[in-house]
Number of protein chains: 2
Amino acid sequence: MAARDYGQYDGVTRALELVGERWGLLIVRDLLVGPRRYGELAEGLPRIPSNILAARLKELQAAGIIRRAPRSRVIVYELTPYGRELEPVVLSLSTWGFKSLDAPREEQIVTPDGMTIALRSAFRPDAAAALPSTSYAAGFAGTELFINVDGTDFGVQRGMAPADLEFATDSQIRAVLSGDLDSVRVLNGDPRLLARFAQTFRLAA
Amino acid sequence: MAARDYGQYDGVTRALELVGERWGLLIVRDLLVGPRRYGELAEGLPRIPSNILAARLKELQAAGIIRRAPRSRVIVYELTPYGRELEPVVLSLSTWGFKSLDAPREEQIVTPDGMTIALRSAFRPDAAAALPSTSYAAGFAGTELFINVDGTDFGVQRGMAPADLEFATDSQIRAVLSGDLDSVRVLNGDPRLLARFAQTFRLAA
DNA sequence: CGGGATCCCTTAGGATACTG
DNA sequence: CAGTATCCTAAGGGATCCCG
C-alpha cells in the first residue's frame, strides 16, 4: 500500500487507496448483492485474471473490507460492516455511469449481480410506497431476474418465476431504466404494469 | 478505452471505465472545488507525473467530464454538467474514506481542495439551519481555510481571515470532524463556538 | 513561466498454465 | 474448486526537456 499511495491526506485519497485499484469496486459490487465463493466471483467477472482476483481478495481482507467465512464446508467471501458502508459509493457510481451507457456491445456481458445493483440504484422507495406490491420477472439481455416490490422494500433473485408481469429487453436496458419502454417485450401479465415498473425503477437521464 | 475496459455492461463498470483510472477521481475532486489551471492541478497533486496529468485531462475531456476553457489569456479546466454530477460519488468516497484515517503521516500533505471536499462531505445542512450564521477560520495541518456557514449553505475559501472563531489542529483532523475537539487549539473567538462547528461538520465514526 | 512532451525504467495487470 | 506460478505487455513513476 505504501508504494502505490497518493501522498495526500483526505477521505477521497484514502478511499481510493483502499478500493481504487482495478477490479476492486467490482468485487465489492458483487459482494453487496450477497456473499460469494471464489468461483462465483470469477464467474461474475469473467475477464479478471485469477491471480488478480486472488490478490484483490487479500488486499480487501487486509483493509478490513471483506472477510473469508466458512459456510458448511466451503469458503465464502462477504463484506464486513465497514465494507457494507461502501454501498452509497457503488450506488452513486451506478447512477452516474448508467447515464452515459447505450446498448451493450458485442463483447459486453450482463451479469445478475450487476443488474441487481443497477436496479438498487434506480429504485425509488417513495414512488414504490404509493403503489401496490408487485412482482416482476425481467429478462435483461439474457440475464433473468425475479423482482419483488413491497412498499419501500424490494428484493431481487436470479432466474425467472411466475410474476405479475414478465417482460424482456435485449439491448435497451438503459432506455428501460430511463422510462423509455418501447423496446420492451411483454411475455406475460398486464402490459400496463410496465408503467408501474418504470415509476418504481428510474434513472434520470 | 477499449483495451482497458472490463467487458461488462452496467453502470458501475461504465463509471469505472470513465473515471476509475489512477488519479482520475482526484482530479475531479479538485475541479469540484472550482476551475483549475494545469499548474494548479499539478500543485494540488504533487505526486502525479506530468505525463499522467496530461493524459488524464485528455481522457476526461474525451469522456465529456471536463472541458478546457479560456479565461483571459490562460486555460482553465472545469467540469461539464455531467462531470459535476460526480459530486455524490466523490462525497460518498470522502465520507467512507475518512472513517479509517488517523493522523497524517510524515509524507502525506493536506491540500485546500482536499479539505474543502472533506468539509463538504461532513456538512449537515439540517443541523446548520438551526444554528446562527457563523464564520470559522480553521488551520488543518498547515492548510488554512475560511469557512462561512449561513443557513443550509456554506462556502470555503483559502487562507485565514477574521472570523467568529479561529482554531487549528495539526494531526487530529479526523478526530475533529468526528466531534472529538480535545486536540483543537482555539486561536481567537469564543471557544464555545467549537461545539457549533462540530455540530455543523460531522463525519460519524 | 505555464502547459505540456519525451525518455527510461519499474511494476501492476493480462494471458495462460499449473497444483493441492 | 480455489487458488499459485510464470511470462509478458503496457500503464504508471520520475526526471528532464521543449515550445509559445
Side-chain angles (χ1 to χ4, degrees), chain A residues 1-8 13 16-28 30-31 34-63 66-78 107-109, chain B residues 1-8 13 16-28 30-31 34-63 66-78 107-109:
Chain A
M1 204 75 75
R4 290 221 14 119
D5 69 27
Y6 291 99
Q8 298 195 21
T13 303
L16 293 176
E17 284 170 1
L18 295 180
V19 295
E21 299 296 306
R22 207 164 149 68
W23 298 104
L25 278 175
L26 295 183
I27 295 170
V28 171
D30 287 1
L31 292 181
R36 294 284 179 266
R37 300 168 59 170
Y38 186 94
E40 294 173 322
L41 288 170
E43 187 185 5
L45 270 17
R47 301 255 297 252
I48 193 175
S50 176
N51 55 343
I52 300 296
L53 176 56
R56 287 293 169 275
L57 289 174
K58 284 204 183 97
E59 295 159 11
L60 291 171
Q61 251 184 284
I66 68 174
R67 73 166 74 97
R68 293 170 54 124
R71 282 280 197 293
S72 64
R73 303 206 120 276
V74 300
I75 299 278
V76 297
Y77 293 89
E78 61 183 15
E107 77 282 7
Q108 290 183 314
I109 65 165
Chain B
M1 203 73 76
R4 291 212 28 109
D5 69 27
Y6 291 99
Q8 298 196 20
T13 303
L16 292 176
E17 284 169 0
L18 295 180
V19 296
E21 300 295 308
R22 206 163 150 69
W23 298 102
L25 277 174
L26 295 183
I27 294 170
V28 171
D30 287 2
L31 293 181
R36 293 285 180 265
R37 301 167 59 167
Y38 186 95
E40 293 173 324
L41 289 170
E43 187 185 6
L45 271 16
R47 301 255 296 253
I48 193 174
S50 173
N51 55 342
I52 301 294
L53 176 56
R56 288 292 169 276
L57 290 174
K58 285 204 183 96
E59 295 161 11
L60 292 171
Q61 252 184 283
I66 67 174
R67 74 166 73 97
R68 292 169 55 120
R71 281 280 196 294
S72 65
R73 302 206 120 276
V74 299
I75 299 279
V76 297
Y77 294 89
E78 62 184 14
E107 75 283 8
Q108 290 183 315
I109 65 165

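Computed from heavy atoms alone, side chains included, the values below leave out hydrogens, waters and symmetry copies. Below, chains carry the letters A, B, ... as their sequence lines are ordered, and counting in each starts from 1.
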Distance (rounded to the nearest 0.5 Å) between Ile27(B) CD1 and Ile48(B) CD1: 4.5 Å
d(CG, Asp5(B); C1', dA11(D)) in whole Å: 15 Å
Tell me which donor-acceptor pairs under 3.5 Å the side chains of residues 71-78 of chain A have, and how far apart each pair is, sequence neighbours excluded?
unit_1   : atom_1 : unit_2   : atom_2 : d
Arg71(A) : NH2    : Glu78(A) : OE1    : 3.1
Glu78(A) : OE2    : Arg67(A) : NH1    : 2.9

Rounded distance (Å) that lies between atom C1' of dC1(D) and atom CD of Glu40(A): 11 Å
side-chain contact (heavy atoms from CB on, under 4.5 Å) between Tyr38(A) and Arg68(A), intermediate numbers included: CA-CA 10 Å; Tyr38(A) 186 94; Arg68(A) 293 170 54 124; over 6 Å; no
Distance, nearest 0.5 Å, that separates CG of Leu41(B) from CG of Leu26(B): 11.0 Å
Point-to-point distance, once rounded to the nearest 0.5 Å, from CG of Asp5(B) to CD of Gln108(A): 6.5 Å
Value in whole Å for how far the P atom of dG13(C) lies from CZ of Arg4(B): 7 Å
Paired and unpaired positions of DNA chain D as dot-bracket, Watson-Crick or G-U wobble under 3.5 Å, | denoting a partner strand: .|||||||||||||||||||
Length of the line joining Gln61(B):CD and dG4(C):C1', which is rounded to integer Å: 13 Å
Phosphate contact (dA15(C) OP1 or OP2) by Arg47(A) side-chain N/O below 4.0 Å: no
Closest heavy-atom pair and its distance - Pro46(A), Gln8(B): CD-NE2, 4.1 Å
Spacing of Ile52(B) atom CD1 relative to dG12(D) atom C1', expressed in whole Å: 5 Å
Short side-chain N/O contact from Trp23(A) to OP1 or OP2 of dG14(C), under 4.0 Å: yes
Phosphate contact (dG12(D) OP1 or OP2) by Arg56(B) side-chain N/O below 4.0 Å: yes
Separation of atom CZ in Arg73(B) from atom C1' in dG20(D), rounded to whole Å: 11 Å
Nearest-Å distance for atom pair CG/P, residues Leu41(A) and dA2(D): 10 Å
Position toward the 5' end of DNA chain C (nearest nucleotide), Arg37(B) or Ala55(B): Arg37(B)
CD/Glu43(B): more than 12 non-hydrogen atoms of other groups inside 6.0 Å: no
Short side-chain N/O contact to dG14(C) OP1/OP2 from Arg22(A), under 4.0 Å: yes
Most 5' of Pro49(B) and Gly39(A) on DNA chain D, judged by nearest nucleotide: Gly39(A)
Cation-pi geometry met for Arg22(B) and Tyr6(A) (6.0 Å, 45°): yes
Would you tabulate the nitrogen or oxygen pairs shorter than 3.5 Å linking the protein to nucleotides 3-6 of chain D?
unit_1 : atom_1 : unit_2   : atom_2 : d
dG3(D) : OP1    : Arg68(A) : NH1    : 3.0
dG3(D) : OP2    : Tyr77(A) : OH     : 2.8
dG3(D) : N7     : Ser50(A) : OG     : 3.2
dT4(D) : OP1    : Lys58(A) : NZ     : 3.2
dT4(D) : OP2    : Lys58(A) : NZ     : 3.4
dT4(D) : O4     : Ser50(A) : OG     : 3.1
dT6(D) : O4     : Asn51(A) : ND2    : 3.2

Spacing of CG belonging to Leu31(B) relative to CG belonging to Leu57(B), to within rounding of 0.5 Å: 7.5 Å
Length of the line joining Ile66(A):CD1 and dA2(D):P, which is rounded to integer Å: 14 Å
